[in-house]
Amino acid sequence: MKNVTRGSIQADLMAALTNAAIVMPQGVAFAIIAGLPPEYGLYTAMITAAIAGFWGSSMIMVSGPTTAISAVLFATLAPFAEPESHAYVMLALTLTIMIGVLQIAAGMARLGGLISFISHSVIVGFTAAAALLIAASQLGPALGITTERGGGVVERVLRVLEHIGDINLTALIIAAATLASIVISQRISRRIPAYLVALAVGALSGQLLNAKDAGIAFFSALPSVWPAVSIPTPTLSQISELIPGAFAIAVVGLLEAISIGRTFATRREETYDSNQEIVGQGLSNVVGGFFSCYAGSGSFTRSGLNAESGARSPLSAIFAAGWLFILLLLLAPFVIYIPVPAMAGIILFVAWRLINFAEIRHIRHSGRETTILIATFLAGIFIELEYAIVVGVMLSLVFYLYTSSRPFVGVGAPMMVDGVSRLRNAYRSGLPQCPKISIRRLQGQIFFGSIEELERNFDLISKREPEQTLIILILQGVDTVDLAGADFLTQQIRRARRRGGDFYIVGIYPGLIAALSRFGTLEELGEFNLFHSKRDAIAHAVSKTPESACAVCTRRIFEECARRPGAPAPAPEGEPQEKD
């Protein structure tokens with residue numbers, strides 16, 4: 001608030017007006033996708049946006065109903081109640097409160113980093129599946145065909161195909177005109193309220209074509225422009241049945257909000273706290289569930305428009321809620337002139353825009369990310385949409401654990417680079433190694449999942465160089481270990497000493513050293529065998545190399561080798577020294 005000025009308030013007010021004009025038809029469309037009466041999308045656009053704007057972390061993000069969440073909510077609730085029925089609405093409000101509670105718990109547990117860790121490919125694949133489900137659900141209304149509601153993408157498409165001979169030409173023309181108007185408006189200028197223009201074109205088309213006489217359905221009048229307080233009363237069995245859907249929507253909502261908030265914070269060079277954002281999103285859903293709202297999250301479209309319109313603070317989201325209420329007072333009476341096929345045309349456009357083709361082309365260059373995307377997409381198409389996010393998240397975590405369990409162990413040797421001795425990978429660079437000293441550098445983490453791979457790598461290195469009994473393990477990139485990792489290091493220390501050698505560790509992070517001490521590894525190693533620099537560890541290891549071995553060695557790869565037995569005598573002053 002200390003940064004709020006008269007100028008910023010004026011900028012936020014104007015940006016909010018543009019935002020309210022955009023979200024009014026969007027809110028109606030998203031509510032229809034969610035299987036709810038139109039007013040619930042408008043209520044969500046007001047209440048959720050204001051609370052998330054006040055409590056969240058982003059300076060520019062606007063929350064409200066979103067396409068993906070609307071689609072998952074419908075897929076979750078359709079098996080339990082008839083869409084738009086009283087029972088369905090009660091379950092939707094219950095689900096929204098459950099989602100908010102989960103999100104607040106995640107924020108209080110500071111899981112923001114964990115949530116944002118989930119692969120972006122999960123969201124891309126999930127939203128693509130949601131887009132097809134949304135499009136399939138609107139084929140019937142766009143063609144004037146009445147079919148049974150519910151089911152997956154394939155089921156919906158097959159139902160429409162069974163009644164393809166019943167196409168209402170008037171409905172098709174209205175849907176096509178609405179769709180064409182929104183596409184043209186978007187291409188002319190992003191600042192044009194394309195959705196409002198499209199609704200106006202759809203309503204005008206309906207009047208010109210006498211749509212009511214042709215059997216076209218129209219929207220009913222909004223019962224109220226202000227949300228009523230509502231307290232859902234679900235049974236325990238209903239709550240337990242909604243848990244999977246609540247988890248899926250909570251994750252989707254947080255991924256959307258965090259990715260949008262972080263993107264705009266980076267662009268605008270602003271601070272961003274993902275845990276604070278999670279709490280803000282959770283509060284908006286909990287409160288919204290008691291005020292006739294369904295689950296919402298950050299909207300990339302509204303947030304982008306907010307930034308382009310010159311918004312400066314979260315007050316723009318709060319002002320947008322006020323502007324939307326005023327617009328509803330003025331325009332709500334005209335809702336009855338909107339044909340259902342017109343809204344179907346708008347929703348088809350929303351579904352098309354939901355598929356991120358550019359990101360899909362970018363992801364295809366990574367085999368693992370492509371696998372995650374395809375698996376999430378197919379799960380959304382052929383199983384159930386709410387489980388698609390679970391499939392994607394689990395597969396994402398599996399790939400992460402697989403990568404984490406395969407750390408890289410490199411073997412180092414000195415090499416002159418710009419006149420300075422540097423450690424480089426001995427095998428890749430074809431560098432000679434010390435016959436007695438093995439320098440190993442670990443990239444990755446030492447934990448229970450990586451022990452098997454570490455043991456395999458250490459055994460291979462020992463077999464290639466069986467005479468190397470002095471082991472230097474560089475852990476400068478490792479910040480901690482778990483109990484299994486500490487036990488592995490203890491085992492390696494004992495193995496090196498049984499072979500007549502010793503073991504040295506190079507580590508700098510306090511967390512690593514504290515863990516080694518806590519698990520007893522540091523006591524086994526000995527405090528004099530722990531170093532903070534590679535140079536000190538190498539110098540100590542060279543000093544511990546048997547003199548008999550150094551006397552016959554011709555490699556002399558370390559600077560310290562010049563002071564060991566058998567080293568060539570230094571050349572007289574003024575004469576060049578011969579080099580091997």
**Message:** How long is the straight-line distance from CD1 of Ile338 back to CD1 of Ile174, given to the nearest 0.5 Å?
**Reply:** 12.0 Å

**Request:** Might you work through the side chain to side chain contact (heavy atoms under 4.5 Å, CB included) test for Phe219 and Ile32, ending with a clear yes or no?
**Result:** CA-CA 11 Å; Phe219 283 97; Ile32 294 170; 3.2 Å; yes

**Stepwise side chain to side chain contact (heavy atoms under 4.5 Å, CB included) check, Ile360 with Arg364** = CA-CA 6 Å; Ile360 291 173; Arg364 70 179 181 180; 5.8 Å; no

**Side-chain touch Leu132/Phe377, heavy atoms, less than 4.5 angstrom** = yes

**Where Thr178 and Ala198 come nearest, the two heavy atoms and their spacing** = CG2-O, 3.5 Å

Residues 33-50, side-chain donor-acceptor partners within the protein, below 3.5 Å, at least two apart:
{"residue": "Tyr43", "atom": "OH", "partner": "Ser224", "partner atom": "O", "Å": "2.6"}
{"residue": "Thr44", "atom": "OG1", "partner": "Tyr40", "partner atom": "O", "Å": "2.7"}
{"residue": "Thr44", "atom": "OG1", "partner": "Tyr294", "partner atom": "N", "Å": "3.0"}
{"residue": "Thr48", "atom": "OG1", "partner": "Thr44", "partner atom": "O", "Å": "3.2"}

**Asked** Got a sec, which residues hit side chain to side chain contact (heavy atoms under 4.5 Å, CB included) with Glu369, two or more places apart in sequence or on another chain?
**Response** Ser119, Ser121, Ile363, Ser366, Ile372

**Asked** What heavy-atom pair brings Ala75 and Leu133 nearest, and what distance separates the two atoms?
**Response** CB-CD2, 4.4 Å

**Prompt:** Taking all atoms of both residues into account, what is the closest heavy-atom pair of Gly444 and Val478, and its distance?
**Reply:** O-CG2, 3.6 Å

**Request:** Taking the side chain as every heavy atom from C-beta outward, state whether Asn19 and Ser316 have any pair of such atoms under 4.5 Å apart.
**Result:** no

**Prompt:** Around atom CZ of Phe80, are there more than 12 heavy atoms of other residues, nucleotides or ligands at under 6.0 Å?
**Reply:** yes

**Complete:** Here the pair of heavy atoms bringing Ala228 nearest to Ser292 is O-OG, 2.8 Å

**Message:** With heavy-atom distances below 4.5 Å as the criterion, would you say the side chains of Arg441 and Val409 are in contact?
**Reply:** no

**Request:** Under the side chain to side chain donor-acceptor pair (under 3.5 Å) rule, collect the residues that match up with Thr403, sequence neighbours excluded.
**Result:** Arg368

**Prompt:** Between CG of Leu242 and CG of Leu77, what distance do you get to the nearest 0.5 Å?
**Reply:** 6.0 Å

**Request:** Please lay out, stage by stage, how Ile258 and Ile278 fare under the test side chain to side chain contact (heavy atoms under 4.5 Å, CB included).
**Result:** CA-CA 8 Å; Ile258 291 175; Ile278 291 175; 4.0 Å; yes

**Expected output: side-chain Glu277 to main-chain Ser58 donor-acceptor under 3.5 Å** = yes

**Asked** Residues two or more places apart in sequence or in another chain: which of them pass salt bridge (charged side-chain N to carboxylate O under 4.0 Å, His left out) with Arg456?
**Response** Glu453

**Request:** Please state whether the rings of Phe488 and Phe458 are parallel, tilted or perpendicular, taking 30° and 60° as the class boundaries.
**Result:** perpendicular

**Partners passing side chain to side chain donor-acceptor pair (under 3.5 Å) against Gln138 (at least two apart in sequence or in another chain)** = none

**Prompt:** Take atom CD1 in Ile231; do more than 12 heavy atoms of anything else shown fall under 6.0 Å from it?
**Reply:** no

Donor-acceptor pairs under 3.5 Å, side chain of residues 89-99 to any protein atom, not counting sequence neighbours: which ones?
{"residue": "Thr94", "atom": "OG1", "partner": "Met90", "partner atom": "O", "Å": "2.9"}
{"residue": "Thr96", "atom": "OG1", "partner": "Ala92", "partner atom": "O", "Å": "2.8"}
{"residue": "Thr96", "atom": "OG1", "partner": "Ala295", "partner atom": "N", "Å": "3.0"}

**Message:** Using 0.5 Å steps for rounding, measure from the CD1 atom of Ile243 to the CD atom of Gln238.
**Reply:** 12.5 Å

**Asked** If only atom types and distance count, is the side chain of Gln276 paired as donor or acceptor with the main-chain N or O of Trp55 below 3.5 Å?
**Response** yes

**Prompt:** Which atom names give the shortest non-hydrogen contact between Gly449 and Ser405, and what distance separates them?
**Reply:** O-CB, 2.9 Å

**Prompt:** Stepwise, does the side-chain hydrogen bond (donor to acceptor under 3.5 Å, both in side chains) test hold for Ser450 with Gln445?
**Reply:** CA-CA 7 Å; Ser450 64; Gln445 296 299 320; over 6 Å; no

Expected list for residues 339-356: side-chain donor-acceptor pairs under 3.5 angstrom, two or more places apart:
{"residue": "Arg353", "atom": "NH1", "partner": "Gln186", "partner atom": "OE1", "Å": "3.1"}
{"residue": "Asn356", "atom": "OD1", "partner": "Glu359", "partner atom": "N", "Å": "3.0"}

**Message:** If you count every heavy atom of other residues, nucleotides or ligands that lies below 6.0 Å from His86 atom NE2, does the total exceed 12?
**Reply:** no

**Request:** Can you sort out the partners of Ser297 under side chain to side chain donor-acceptor pair (under 3.5 Å), two or more places apart, ordered by chain and number?
**Result:** none

**Item:** Heavy-atom closest contact (Gly125 atom, Thr376 atom, distance)
**Value:** C-CG2, 4.0 Å

**Side chain proximity check, Glu256 to Ile69, heavy atoms < 4.5 angstrom** = yes

Result block: side-chain N/O donor-acceptor pairs under 3.5 angstrom for residues 100-112, not counting sequence neighbours:
{"residue": "Gln103", "atom": "OE1", "partner": "Asn285", "partner atom": "ND2", "Å": "2.8"}
{"residue": "Gln103", "atom": "NE2", "partner": "Ala250", "partner atom": "O", "Å": "3.4"}

**Residues in side chain to side chain contact (heavy atoms under 4.5 Å, CB included) contact with Arg428, at least two apart in sequence or another chain** = Phe408, Asn425

**Request:** For Gln443, look at atom CD and say whether over 12 heavy atoms of other residues, nucleotides or ligands are found less than 6.0 Å away.
**Result:** yes

**Message:** Would you compute the distance between atom CG of Leu442 and atom CG of Asn457 and round it to the nearest 0.5 angstrom?
**Reply:** 8.5 Å

**Message:** For the OG atom of Ser230 and the CZ atom of Phe291, what is their distance to the nearest 0.5 Å?
**Reply:** 8.5 Å

**Message:** Looking at Ser303 and Met61, would you say the former's side chain and the latter's main chain have a donor-acceptor pair under 3.5 Å?
**Reply:** no

**Item:** Set of salt bridge (charged side-chain N to carboxylate O under 4.0 Å, His left out) partners for Glu82, sequence neighbours left out
**Value:** none

**Message:** For the CG atom of Asp482 and the CD1 atom of Ile451, what is their distance to the nearest 0.5 Å?
**Reply:** 6.5 Å

**Prompt:** With distance as the sole test, does Asn168 use its side chain to make a donor-acceptor pair with the main-chain N or O of Ala214 at under 3.5 Å?
**Reply:** yes

**Any residue meeting side chain to side chain contact (heavy atoms under 4.5 Å, CB included) with Val160, in chain and number order, not counting sequence neighbours** = Leu139, Leu143, Ile145

